[in-house]
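The next block holds one structure in the form of C-alpha cells; read it before the comments.
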Amino acid sequence: MLPAQHRLRERADFAAAIRGPGGARSGSRLVVVHASQTDTRAGLPPRVGLVVSKAVGNAVVRNRTKRRLRAAMAGRLRGIPMGTDLVIRANPAAAQATFAELEAVLDQLIPRVTARLATGGGGR
RNA sequence: UGAGUCGGCCAGACGGUCGCGGCGGCGGGCACCCGCCGACGAGGAACGUCCGGGCUCCACAGGGCAAGGUGGUGGCUAACGGCCACCCGGGGCGACCCGCGGGACAGUGCCACAGAGAUCAGACCGCCGGUCUUGCGAGACCGGUAAGGGUGAAACGGUGGUGUAAGAGACCACCAGCGGCCUGGGUGACCAGGCCGGCUAGGUAAACCCCACCCGGAGCAAGCUCAGACAGUGUGCGUUCGAGGGCGGCCCGCCCGAGCACACGGGUAGAGCGCUCGAGGCUGUCGGCAACGGCAGCCCUAGAUGGAUGGCCGUCGCUCCCGCGGCAGCAAUGCUGCGGGAGAACAGAACCCGGCGUACCGGCCGACUCAUCCA
C-alpha cells in the first residue's frame, strides 16, 4: 500500500478522475492512465488509485498486478505535479507483463497526461 | 527387489534493499498528525457457499397445514446431510475398497424394442387325443398341454422321481426363496439352529405416494452508538367497535399498537463499536476398538475497508531435458561428476467455528498386503 496521503479512496474521486471535466487520459496495451486536477486540491500531494477488474484474472493475479503497479508508482510520486489525482487502470495484458515492462510504460504515459493537464485541456 | 492398499505431514530456504497494516514503547506534539525502535502479519484448501452451529435483531419463538430436508444399527458431537464402529449387499488372492442401504401384500402410474404372449399373462413352432378327407406322403377342424424351441433385461422356482394320451407342485424328496412360530447369541441392525405352512411371489419410490424423525424468519450491508443533511404537500383508512405491524406462504392463538398506505417532491449512505480469547492451540496423562471425552501444564497466533501481509536483486537446494565423462551389467537400464537450458502447482482472510465438495507441480514419513529371491 502507498503512504496514506497518496492514496485515492473515495468513490467520487475515482469517478472524477476517470470521467470528470478537465480530465486527461493516455493508454497503451498494458495500462490506461487517467488524470485530473481540481482547485480544491491545489498544493496538496498527488494521489494515486488503482483499478484492476476481474477481466485481468483471479484474485491472486489481480493482487500481484496491483502490488507491482503500486511499487512502481511509489518511486514516481516525486515526478507528479502537486494537486494531481491519477487513476491507473490495468488491462488484461498487464497480468503477463514483467516489472520492467510496467515501469517503462508508466514512464511513457505519466508525462504525457500531466502535460495535457498543464495545457488546459482534456486531451482526448 | 517389484506391484499395491491405507494413514499422516510439508507446500522451497537464506540474505540484501525499498515499502505497507494494525499493536506495544519512546519522543515531537497534545485538534489531528509525524518520526524512531520492537515483535507479529494468508491456506490446506483462505476457494465453492452445499450442510450444521455460535452470535445479532425480530415481544415469547406456541399449535396445526403446506413447503423443505434426512433415511441400515449403535455411538460421538454445540449441531449436522459430518465422523467412528458394526450389520447387510457387492468387488478384490489379499491389505482393503464401494453402496441416495426405510416401505412395492395401502393405493395409483410407468416398463420402449423384440416377441404368440409382459402381471387375474400367453398356444407361434412343437407334443398328445378325437373326428373327417386321402392320391397313404399327409392335410383340415375341434380339444388337451407351459416339459422343449424361439424373443427379451425379465416368461409364474431348480434338480430328480411318481404320474399321464402328452403334460403340469397334480403329487413326493432334496435345494433356493417367502411367510409364521419357537430356542440361543447380540444394546441393536442382525446372525445361528429347529418346526410348520402354502407350493412361488417381476422391476421402478433419483415417479406420485406412505411411514419415522428434523426444521420459526432474516442475516455482520446482522445489529448497537454517535455525527450530519433536508421540506414538505395532497388523498384514503384508523385511535380500546382499533388501521397497521410482528422480516418468504396459509389458518388459529398470542403480542405490540397511534399512526399507517399511496402519489409527487427533497435528503443521506461519514465515523466508531461489533472485530477477534475461541465448542482456541500445543504437550503429557487417563478412559474408550475408534470417533471422542476427562484432567494437568504451557502459549496468545492477521484484523484490512479502493481493501495491508508485498516489489526488486543475489546465493543455495529441488525436478526435467540436452551434451561430454566414470562405475556396475551380455543388454535394457541404474548410480554418479561437470557444463548449459527450462520449470516450480492450485490458489488470497473480510464475523467466527465444525464438516462436506472441488482444484493442485511435486516431496517426505509410517503401517500393512501380495509375488519373488536370500538366510
Side-chain angles (χ1 to χ4, degrees):
Chain A
M1 212 142 77
L2 293 166
Q5 60 175 344
H6 296 298
R7 260 182 256 158
L8 198 63
R9 52 201 319 173
E10 298 297 320
R11 187 175 186 80
D13 293 337
F14 274 82
I18 293 172
R19 263 187 280 280
R25 185 182 71 176
S26 184
S28 74
R29 195 176 60 87
L30 298 178
V31 296
V32 179
V33 178
H34 298 269
S36 75
Q37 270 178 327
T38 55
D39 296 338
T40 54
R41 285 197 54 78
L44 293 171
R47 298 186 299 179
V48 177
L50 298 171
V51 176
V52 182
S53 79
K54 282 191 175 177
V56 175
N58 62 21
V60 173
V61 172
R62 292 200 303 275
N63 267 337
R64 186 173 57 238
T65 306
K66 274 190 192 175
R67 284 163 177 160
R68 283 177 161 170
L69 288 172
R70 215 177 268 136
M73 287 310 297
R76 288 168 172 72
L77 287 171
R78 292 179 153 278
I80 300 170
M82 299 293 271
T84 307
D85 283 347
L86 246 52
V87 170
I88 316 288
R89 209 178 62 207
N91 284 329
Q96 274 78 41
T98 65
F99 188 68
E101 287 171 342
L102 290 176
E103 285 187 304
V105 79
L106 287 174
D107 282 337
Q108 185 186 359
L109 295 179
I110 292 170
R112 205 183 287 171
V113 285
T114 52
R116 283 180 190 170
L117 279 178
T119 57
R124 298 253 162 167

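Chain letters run A, B, ... following the sequence lines, proteins first and then strands; every chain starts at 1. Predicted, not measured: the structure shown is a model, and the values here were computed from it.
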Of all residues at least two apart in sequence or in a different chain, which pass the side-chain hydrogen bond (donor to acceptor under 3.5 Å, both in side chains) check with Arg68(A)? none

Between C338(B) and G38(B) - P atom distance, rounded Å: 41 Å

Work out how far the C1' atom of C178(B) is from that of G158(B), and round it to whole angstrom. 16 Å

When both distances are under 3.5 Å in a Watson-Crick or G-U wobble arrangement, the nucleotide paired with G366(B) is C6(B)

Determine if the base of G194(B) is syn or anti; take syn to mean the glycosidic torsion is within 90° of 0. anti

Name every donor-acceptor pair, under 3.5 Å, that has one atom in a side chain of residues 102-112 of chain A and the other anywhere in the protein, sequence neighbours excluded.
unit_1	atom_1	unit_2	atom_2	d
Asp107(A)	OD1	Arg76(A)	NE	2.8
Asp107(A)	OD2	Arg76(A)	NH2	3.2
Arg112(A)	NH1	Ser26(A)	OG	3.3

Tell me which nucleotide, if any, is Watson-Crick or G-U wobble paired with A59(B) when both distances must be under 3.5 Å. none

Go ahead and name the base partner of G193(B); Watson-Crick or wobble counts if both distances stay under 3.5 Å, otherwise write none. C182(B)

Please name the nucleotide paired to A304(B) by Watson-Crick or G-U wobble geometry with both distances under 3.5 Å, or report none. none

How far does the P atom of A67(B) sit from the matching atom of G75(B), given to the nearest Å? 33 Å

Using atom P in both nucleotides, what's the gap between G41(B) and U309(B) to the nearest angstrom? 14 Å

Nearest-angstrom distance, P atom, G157(B) to A201(B): 5 Å

Counting Watson-Crick and G-U wobble pairs only, both distances under 3.5 Å, name the nucleotide matched with G107(B), or none. C208(B)

List the atom of Pro81(A), the atom of Pro46(A), and the distance in Å for their closest heavy-atom pair. O-CB, 3.8 Å

Nearest heavy-atom pair of Arg25(A) and Arg116(A): which atoms, and what distance? O-NH1, 2.7 Å

Could you give the distance separating G362(B) and A344(B) at their C1' atoms, to the nearest angstrom? 8 Å

Arg62(A) side chain vs Gly57(A) backbone, donor-acceptor pair below 3.5 Å: yes

Through direct or indirect side-chain contacts below 4.5 angstrom among Ile, Leu, Val, Met, Phe, Trp and Tyr, which residues connect to Val52(A)? Val56(A), Val61(A)

Same-atom distance (C1') from A154(B) to A291(B), integer angstrom: 45 Å

Phosphate oxygens OP1/OP2 of G307(B): is one of them under 4.0 Å from a side-chain N or O of Arg70(A)? yes

Please classify A123(B) as syn or anti, treating any glycosidic angle within 90° of 0 as syn. anti

Taking RNA chain B as the partner, which of residues 48-57 of chain A come within under 4.0 angstrom of it by heavy atom? Leu50(A), Val51(A)

In terms of base orientation, is G202(B) syn or anti, with the syn window spanning 90° either side of 0? anti

Would you say Leu69(A) ends up clustered with Val32(A) if hydrophobic residues are merged whenever their side chains have heavy atoms under 4.5 Å apart, either directly or through other cluster members? no

Could you go through residues 90-101 of chain A and list every donor-acceptor pair under 3.5 Å that involves a side-chain atom there, pairing it with any protein atom two or more places apart or in another chain?
unit_1	atom_1	unit_2	atom_2	d
Asn91(A)	ND2	Ser28(A)	O	3.2
Asn91(A)	ND2	Arg29(A)	O	3.3
Thr98(A)	OG1	Glu101(A)	N	3.3
Glu101(A)	OE1	Thr98(A)	N	2.9

Give me the distances for all protein-to-nucleotides 347-349 of chain B N/O pairs that come in under 3.5 Å?
unit_1	atom_1	unit_2	atom_2	d
G348(B)	N7	Asn63(A)	ND2	3.2
G348(B)	O6	Arg67(A)	NH1	3.3

Paired to C226(B) by Watson-Crick or G-U wobble criteria (both distances under 3.5 Å) is G270(B)

Test side-chain contact (heavy atoms from CB on, under 4.5 Å), reference Val31(A), set Thr65(A), Val51(A), Ile88(A), output is Ile88(A)

Taking A114(B) as the reference, what is the distance to A138(B) when you measure between their P atoms (whole Å, please)? 37 Å

Within less than 4.0 Å of OP1 or OP2 of G306(B), is there a side-chain N or O belonging to Arg7(A)? no

Suppose we define a pair by two distances each less than 3.5 Å, Watson-Crick or G-U wobble; what does A359(B) pair with here? none

If you take any heavy atom closer than 4.0 Å to RNA chain B, which residues from residues 88-105 of chain A end up in contact? Phe99(A)

Across every strand shown, the nucleotide meeting Watson-Crick or G-U wobble geometry with C277(B) (both distances under 3.5 Å) is none

